[in-house]
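Atoms within each ligand, like the ligands themselves, are counted from 1 in listed order. Throughout, residue positions are numbered sequentially from 1 according to the sequence presented. Since the structure is predicted, the reported quantities are computational estimates derived from the model, not experimental observations.
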Amino acid sequence: MGKFLITGGTPLKGEICVSGAKNSALPIVAAALMADSPSRLLDIPVLRDVQNLCEIIRRMGCKVEEKGNEILIDPAGIERPEADPDLARKLRGSYYLLGVLLGKKGWARSSLPGGCNIGNRPIDLHLKGFKALGAEMSIDHGIVEVRAERLKGNRIYLDYPSVGATINIMLTATLAEGTTIIENAAREPEIVDLANYLTVMGARIKGVGTDIIKIEGVESLQGAEYRIIPDRIEAGTYMMAAAVTQGEVFVKNVLVEHVKPLIAKLKEMGVEIREEIDGVYVKGNGHLKAVDIKTLPYPGFPTDLQSQMMVLLTQADGTSLVIETVWENRFMHVDELNRMGANIKIDGHSALIKPSRLTGAEVTATDLRAGAALILAGLVAKGDTEIRDIYHIERGYENIAAKLSSIGARIRKVK
Ligand code: UD1
């Protein structure tokens with residue numbers, strides 16, 4: 001089990017490059033199984049979640065070749081549409097195999113998905129969508145089975161614009177008969193990315209990026225070559241690392257429109273930002289102003305950047321309020337930050353952050369983004385910070401220690 005050791009106090013300087021988006025890679029790797037021929041996927045980040053998904057697909061009988069940031073998937077050999085339950089439990093994204101295999105094979109079995117422990121994480125909206133498309137389902141000892149004799153398009157209203165449910169319904173509806181309309185759909189860029197890949201494979205999808213998505217089912221899909229979008233959460237994390245250390249960094253390989261909500265807040269805090277074609281230049285200008293944040297579905301402020309933003313707010317010159325509306329259990333980083341000297345008080349879904357001087361401590365990453373927040377805290381804290389349970393962080397950030405070291409961070413991984 002590795003740890004990160006960080007010595008704080010150095011402003012970051014230089015250029016850092018963002019990898020492909022984890023949350024695009026997962027549904028896109030799964031969707032490759034829907035085609036009748038192989039796909040070549042590019043810019044896929046080398047991450048444990050993606051590797052586990054590839055291994056699940058391999059164990060179903062398919063050929064999957066991982067070569068650095070490229071993955072070749074030949075969907076020909078699916079023997080049984082069942083995901084290995086132990087592996088499937090390790091990542092939230094494994095639930096996309098349900099939508100994919102239901103569409104392609106008419107039945108699928110997988111364990112209830114895992115992932116970060118940031119809330120209740122039900123899949124009722126996914127199942128509601130499958131049912132509307134004609135599927136039956138059962139859950140027994142944590143194993144979900146979905147099956148359908150015939151899948152038929154339908155109109156589906158989501159009670160909440162869930163990213164996962166929108167994706168899963170879109171996947172199944174692509175190979176269903178007739179037209180499906182998803183209302184109150186999620187609008188996250190990763191959904192648009194998946195739809196673009198499905199379209200290259202032969203799917204007919206309109207309206208992605210808005211809250212009404214229309215899918216006309218097709219009989220078959222052909223594999224394709226596809227390059228996924230950069231990871232906007234990784235980009236945002238590095239932008240904030242630059243700002244919190246009062247550094248000067250060009251964060252490269254960013255689709256700037258995907259990080260607009262963060263840019264708006266950083267500018268409000270007094271951070272200098274310059275938007276370039278392929279990235280964002282970030283420069284601290286000596287001090288940070290307090291701001292209020294409310295997390296919302298895209299294009300609101302992303303919940304996946306909330307914990308990192310809280311570290312910046314501990315360094316701001318007044319009191320800030322953070323309201324988390326997406327997940328009910330997403331303040332687990334607060335205890336750890338307070339152990340480092342932060343002054344944060346939680347009241348239900350809100351956190352009140354007062355300015356403080358952070359000092360190094362031994363802390364534990366409780367989930368992926370909480371872990372990223374602790375790295376930011378370590379970079380700005382006085383003295384040494386040791387972060388345990390970094391496997392959470394490595395589920396979502398490719399080579400984070402090496403990338404941050406390359407712009408001057410004093411961070412290293414030890415066994
Ligand atoms: C995805 C991202 C995650 C991000 C989240 C919100 C992946 C692999 N993960 O997670 O990093 O934090 O979007 O941007 O892409 N909900 C229900 N019923 C459901 C599904 C969801 O009530 O069937 C609720 C959840 O409990 C949560 C909210 O909807 O409160 C958001 O969940 P959702 O958008 O589905 O997130 P994920 O797709 O799991």
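Note: no N/O pair closer than 3.5 Å links Leu26 and ligand 1 by distance alone. Considering backbone and side-chain N/O atoms, Asp124 comes within less than 3.5 Å of an N/O atom of ligand 1. Any N or O atom pair closer than 3.5 Å counts here, and Trp327 shares at least one such pair with ligand 1. By the 3.5 Å distance cut-off applied to N or O atoms, Pro161 is not counted among the residues near ligand 1. Between Leu125 and ligand 1, a contact under 3.5 Å exists for at least one N or O pair.
Heavy atoms of Ala165 found under 4.0 angstrom from ligand 1: none, in either backbone or side chain. Heavy atoms of Glu190 found under 4.0 angstrom from ligand 1: none, in either backbone or side chain. Within the 4.0 Å heavy-atom criterion, neither part of Ile233 lies near ligand 1. Using a 4.0 Å cut-off between heavy atoms, Arg330 contacts ligand 1 through its side chain alone, with no backbone atom that close.
Comparing Ser24, Pro122, Ser162 against atom 19 (C) of ligand 1, the shortest heavy-atom distance belongs to Pro122. Nearest to atom 37 (P) of ligand 1 by heavy-atom distance, out of Tyr95, Tyr160, Tyr298, is Tyr95.
In this structure, Phe250 and Arg274 have side chains that are not in contact, with every pair of non-hydrogen atoms separated by 4.5 Å or more. Looking at Val29 and Ile73, their side chains come closer than 4.5 Å, going by heavy atoms from C-beta outward.
Residue Tyr397 is tested with Lys22, Arg369, His392 for a side-chain hydrogen bond (donor to acceptor under 3.5 Å, both in side chains); the sole match is Arg369.
Between the Asp231 side chain and the Ser19 main chain, no donor and acceptor come within less than 3.5 Å of each other. With hydrogens and angles ignored, the 3.5 Å screen pairs a side-chain donor or acceptor of Asn168 with a backbone N or O of Gly99.
Residue pairs meeting the salt bridge (charged side-chain N to carboxylate O under 4.0 Å, His left out) criterion with at least one member in residues 161-177, sequence neighbours excluded: Arg150-Glu177.
Close approach to Arg92 involves these atoms of ligand 1, each under 4.0 Å from a residue heavy atom: 39 (O). The contact set between ligand 1 and Val326, taken as ligand atoms under 4.0 Å from a residue heavy atom, comprises 27 (C), 28 (C), 30 (O), 31 (C). The ligand atoms of ligand 1 that sit less than 4.0 angstrom from a heavy atom of Thr303 are 6 (C), 12 (O), 14 (O). With ligand atoms numbered from 1 in the order given, ligand 1 contributes 35 (O), 38 (O) to contacts under 4.0 Å with heavy atoms of Gly164.
Nearest heavy atom pair, residue Val326 against residue Pro297, reads CG2-N, 4.3 Å.
Under 4.0 Å is where a charged nitrogen must lie from a carboxylate oxygen, and between Lys3 and Glu362 no such pair does.
Ring geometry for His258 against Tyr298 counts as perpendicular: the plane angle is over 60°, on a 0 to 90° scale with 30° as the lower cut.
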Atom pairs and distances, donor-acceptor, side-chain atoms in residues 259-268, under 3.5 Å, two or more places apart:
{"residue": "Lys260", "atom": "NZ", "partner": "Glu275", "partner atom": "OE1", "Å": "2.8"}
{"residue": "Lys260", "atom": "NZ", "partner": "Glu275", "partner atom": "OE2", "Å": "3.3"}
{"residue": "Lys265", "atom": "NZ", "partner": "Glu268", "partner atom": "OE1", "Å": "3.3"}
{"residue": "Lys265", "atom": "NZ", "partner": "Asp292", "partner atom": "O", "Å": "2.8"}

